[in-house]
Amino acid sequence: MDNYSIRLPNRFDFSYHKTFNQEVEALVAKTGIKEIQLDFSQVNYLDSSALGMLVLLSKKNEKGVGAKLIIKGAHGSALEILEIAKMTKLYAFI
């Protein structure tokens with residue numbers, strides 16, 4: 001498996017924390033992943049816990065997976081928040 005994609009919900013906040021962590025743990029257990037895409041196309045709202053989850057994924061990726069991290073389809077206020085939070089330093093945007 002070369003690519004892995006996580007489709008995020010309309011509200012990317014603490015209520016998604018458990019699901020996101022389960023996805024990340026499953027991901028860390030896999031091998032051969034070259035690219036991890038986070039699909040932000042449906043996200044209209046995110047909060048500080050969502051930003052924390054993104055940082056957590058980045059740190060776990062650095063320690064084990066080593067894949068290219070991509071945020072795909074971010075738009076509107078979600079994109080602005082990601083840019084203000086400097087997620088462009090951790091993730092490529094497409």
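Here the structure is a predicted model, which means the values were calculated and not measured.
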Rounded to the nearest 0.5 Å, how far apart are CG of Leu57 and CD of Glu23?
-> 10.5 Å
Side chain to side chain contact (heavy atoms under 4.5 Å, CB included) assessment of Leu27 paired with Ile36 | CA-CA 9 Å; Leu27 190 62; Ile36 300 169; 3.4 Å; yes
Shortest non-hydrogen separation from Met87 to Leu54 and the atoms involved = SD-CB, 4.0 Å
Atom of Ala78, atom of Val43 and distance for their closest heavy-atom approach | CB-O, 3.9 Å
In short, Val28 meets Lys60 closest at the heavy-atom pair CG2-CB, 4.1 Å
Is a side-chain donor or acceptor of Asn61 paired with a backbone partner of Ala67 at a separation under 3.5 angstrom?
-> yes
Could you grab the distance from atom OG of Ser49 to atom CG of Leu56, nearest 0.5 Å is fine?
-> 11.5 Å
hydrophobic_cluster_shared for Phe93 and Val55, side chain cutoff 4.5 Å = yes
May I ask whether Ile70 and Tyr91 are part of the same hydrophobic cluster, defined by side-chain heavy atoms of I, L, V, M, F, W, Y residues being less than 4.5 angstrom apart, directly or through others?
-> no
d(Ile6 CD1, Lys72 NZ) to nearest 0.5 Å is 13.0 Å
Spacing of Ser41 atom OG and His75 atom NE2 [to the nearest 0.5 Å] = 7.5 Å
CG (Leu79) and CD1 (Ile84) are apart, to the nearest 0.5 Å, by 9.5 Å
Could you label the plane-to-plane angle of the Phe20 and Phe12 rings as parallel, tilted or perpendicular, counting under 30° as parallel and over 60° as perpendicular?
-> tilted
About how many Å separate CG of Asn21 and CE of Met53, when rounded to the nearest 0.5 Å?
-> 7.5 Å
Identify the two heavy atoms, one from Gln42 and one from Leu8, that lie closest to each other, and give their separation to 0.1 Å.
-> CB-O, 3.9 Å
Going by heavy atoms in the side chains, are Leu82 and Leu46 under 4.5 Å from each other?
-> yes
Greater than 12 external heavy atoms within 6.0 Å of Phe14's CZ | no
Asp47 side chain vs Ala50 backbone, donor-acceptor pair below 3.5 Å | yes
